[in-house]
Number of protein chains: 2
Amino acid sequence: MSVTDIVGEDRRLLLMGRWLPDAHGRLARAALELYSERGFEQTTALEIAERAGVTERTFFRYFADKREVLFQGSQELQRIILEAIAQTPADVRPVDAVIAAIDTVGGLVFDRAHSVRRATIIAANPALQERELLKFSTLTASVAGALRERGVAEPSATLAAETGVTVFKIGFERWITGTPSEDWAECIRDTVRQLRDVTPSLIVSQV
Amino acid sequence: MSVTDIVGEDRRLLLMGRWLPDAHGRLARAALELYSERGFEQTTALEIAERAGVTERTFFRYFADKREVLFQGSQELQRIILEAIAQTPADVRPVDAVIAAIDTVGGLVFDRAHSVRRATIIAANPALQERELLKFSTLTASVAGALRERGVAEPSATLAAETGVTVFKIGFERWITGTPSEDWAECIRDTVRQLRDVTPSLIVSQV
DNA sequence: CACAGCATGTCAGTGACAGACATCGTGGGG
DNA sequence: CCCCACGATGTCTGTCACTGACATGCTGTG
């Protein structure tokens, strides 16, 4: 039995017999590239792994599933928003606290080019849209939780959270699709302005 | 070669050699039962098919995927809401038109016991929640489209749609979890009342 | 120098789907 | 009355996402 029999065809231990560092990063980059090049569905986990120089199994050790690669940041985003809400003075109204928090995450978290690339991939695939929606829903739920911590009662907490996240979604959409020069705070403020005009009347018309 | 060799073990052609009718209905019922009994993930498509007396392949001819069984009605719901919006007088404000439409679908579409059963199944599984979210998102998009038909400009149309669908979601949630006697219109009206208190201020506080 | 531990590879398996083709009653046209 | 196109289904085979169990090889530590 020769050395090559023992080592096999394994070309992955390059750095003086040690694993290449940052498998996670290489996988994320490889996935992004392939999703862009040929689309999400047309990309197999095996292909991603090969481009990253690891096995399929390793891909699934880093990412719960194929889609998760694109949603790494959302946990971080949520953490920041929650923290911002917690730090807002107690006398600020719930919705305003949420919107102020959203306002702060702007330049902080995203790089516009990356966001556009990501949004393009997601827009092309329903399964990815579902996952995005789930992230928003999770965010809404935890924002509502944060408001309850501040003493806001229940239907209002969820309503305010839902409203705030809607502002985020639409503001974000605008930030992505609009002129590159327009900044985050601007998009959010404009969306809020528009929102103020859609308050429903109390009387539901009977059809 | 005997008759049984030709017919094989096929016990499915029962009605005088013809297929049993309503394969679709049998599949839907079988799926509902199994999802309730042992949960969504613990149920395989094969098991559903067997209980319905057909093959796995036939299941996938009727339903795009395992989840779709639970979301049959949403297309009908959307159709009704859109129609109601179209029939609302042109001078009614966008949000009010949406909410009025939502108000009308109440007793019409759902049977409460069935809704509760369905909601229980969905609540127990993230993959199903994703699908539900996608349906809401689709609904929002088409409601926004209907408002645009009425001449509502773009950021407002989506905002109003999003607001209306939020009222639907939260009102529905309340209708499901609250006391069985409380009726649909009641839930919607109360939710609207609460919503009116969460209008954001114009000035976003700078943190 | 032995040994525990971590990051990875290897192998085998399950289950969701999809394409291609075969089968068998049914209903209409000759 | 027969033939044939058709519709609903079964059968077979394949691909791919994901998972559990186990093996391997380096690395730092006592």
Side-chain angles (χ1 to χ4, degrees), chain A residues 1-27 30-31 34-35 38-70 125-128 130-131, chain B residues 1-27 30-31 34-35 38-70 125-128 130-131:
Chain A
M1 183 183 274
S2 74
V3 173
T4 58
D5 284 332
I6 294 168
V7 175
E9 292 299 337
D10 214 329
R11 308 228 176 284
R12 288 154 193 139
L13 321 89
L14 296 183
L15 216 57
M16 302 174 13
R18 184 71 284 220
W19 315 111
L20 282 172
D22 194 26
H24 181 279
R26 271 178 294 141
L27 281 165
L34 287 165
Y35 294 168
R38 51 178 96 157
F40 176 77
E41 303 213 339
Q42 283 60 52
T43 304
T44 73
L46 180 60
E47 290 166 336
I48 298 169
E50 277 171 352
R51 182 169 298 202
V54 295
T55 43
E56 198 189 2
R57 192 70 184 82
T58 295
F59 174 83
F60 287 111
R61 276 198 263 256
Y62 281 105
F63 302 97
D65 61 68
K66 255 177 80 183
R67 295 177 292 171
E68 206 53 30
V69 186
L70 293 163
N125 189 285
L128 293 173
E130 286 187 34
R131 180 61 63 98
Chain B
M1 184 182 276
S2 73
V3 173
T4 57
D5 283 332
I6 295 168
V7 175
E9 292 298 337
D10 214 328
R11 308 228 176 285
R12 289 156 191 139
L13 322 89
L14 296 184
L15 219 56
M16 303 172 15
R18 187 70 285 221
W19 314 111
L20 282 172
D22 195 25
H24 182 279
R26 272 178 294 141
L27 281 165
L34 287 165
Y35 293 168
R38 52 179 98 159
F40 176 77
E41 301 214 340
Q42 283 61 51
T43 304
T44 73
L46 180 59
E47 290 167 336
I48 298 170
E50 277 170 353
R51 181 169 297 201
V54 294
T55 43
E56 196 189 5
R57 193 69 184 82
T58 295
F59 174 83
F60 287 111
R61 277 197 264 255
Y62 281 104
F63 301 97
D65 61 68
K66 257 178 78 183
R67 296 177 294 171
E68 206 53 31
V69 186
L70 293 163
N125 189 286
L128 293 174
E130 285 187 34
R131 181 61 65 98

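The figures here come from the full heavy-atom set of this structure, side chains too, leaving out hydrogens, waters and symmetry mates.
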Problem - Nearest-Å distance for atom pair CZ/C1', residues B:R57 and C:dA16 - result: 11 Å

Exercise for the section: Would you kindly give the CD-to-C1' distance between A:Q42 and C:dA18, to the nearest whole Å? Expected result: 14 Å

Practice task
Using whole Å, report how far NE2 of B:H24 lies from P of D:dG7.
Solution key: 19 Å

Practice task
Ignoring backbone atoms, test whether B:Y62 places a side-chain nitrogen or oxygen under 4.0 Å from the OP1 or OP2 oxygen of D:dA8.
Solution key: no

Show me the protein contacts with nucleotides 16-18 of chain D, counting only N or O atoms at under 3.5 Å.
unit_1 : atom_1 : unit_2 : atom_2 : d
D:dA17 : OP1    : A:T43  : O      : 3.4
D:dA17 : OP1    : A:K66  : NZ     : 3.2
D:dA17 : OP2    : A:A45  : N      : 3.2
D:dC18 : OP2    : A:K66  : N      : 2.8

Fill in the blank from the handout: Value for CD (A:E50) from CG (A:L46), rounded to nearest 0.5 Å, stands at 4.0 Å

Exercise for the section: Identify which one of B:W19, B:F59, B:F63 satisfies the ring pair (Phe, Tyr, Trp, His ring centres under 6.0 Å) criterion when paired with B:H24. Expected result: B:F63

Exercise for the section: Could you tell me whether the side chain of B:R26 and the main chain of B:L20 form a donor-acceptor pair under 3.5 Å? Expected result: yes

Problem - Short side-chain N/O contact from A:T55 to OP1 or OP2 of C:dT10, under 4.0 Å - result: no

Handout entry: Length of the line joining A:D22:CG and C:dT8:C1', which is rounded to integer Å
Key = 15 Å

Exercise for the section: Figure out the CG/P separation between B:L27 and C:dA16, and round it to whole Å. Expected result: 14 Å

Handout entry: Length of the line joining B:W19:CH2 and C:dC24:P, which is rounded to integer Å
Key = 9 Å

Fill in the blank from the handout: Distance col, row B:I48:CD1 vs B:F60:CZ, nearest 0.5 angstrom, shows 8.0 Å

Handout entry: Base of C:dG9 paired with side chain of A:R61 (donor-acceptor, under 3.5 Å)
Key = yes

Exercise for the section: Give the rounded distance in Å between these two atoms: CD of B:E50 and C1' of C:dG15. Expected result: 14 Å

Completion exercise
CG (A:L34) and CD (A:E47) are apart, to the nearest 0.5 Å, by 6.5 Å

Practice task
Answer yes or no: is there a donor N or O on one side and an acceptor on the other, between the side chain of B:R131 and the main chain of B:L70, under 3.5 Å?
Solution key: no

Exercise for the section: Check every strand shown and say whether B:F63 touches a base, only sugar-phosphate, or nothing at a heavy-atom separation below 4.0 Å. Expected result: nothing

Practice task
Apply side chain to side chain contact (heavy atoms under 4.5 Å, CB included) to A:F40 and A:R67, showing your working.
Solution key: CA-CA 9 Å; A:F40 176 77; A:R67 295 177 292 171; 3.4 Å; yes

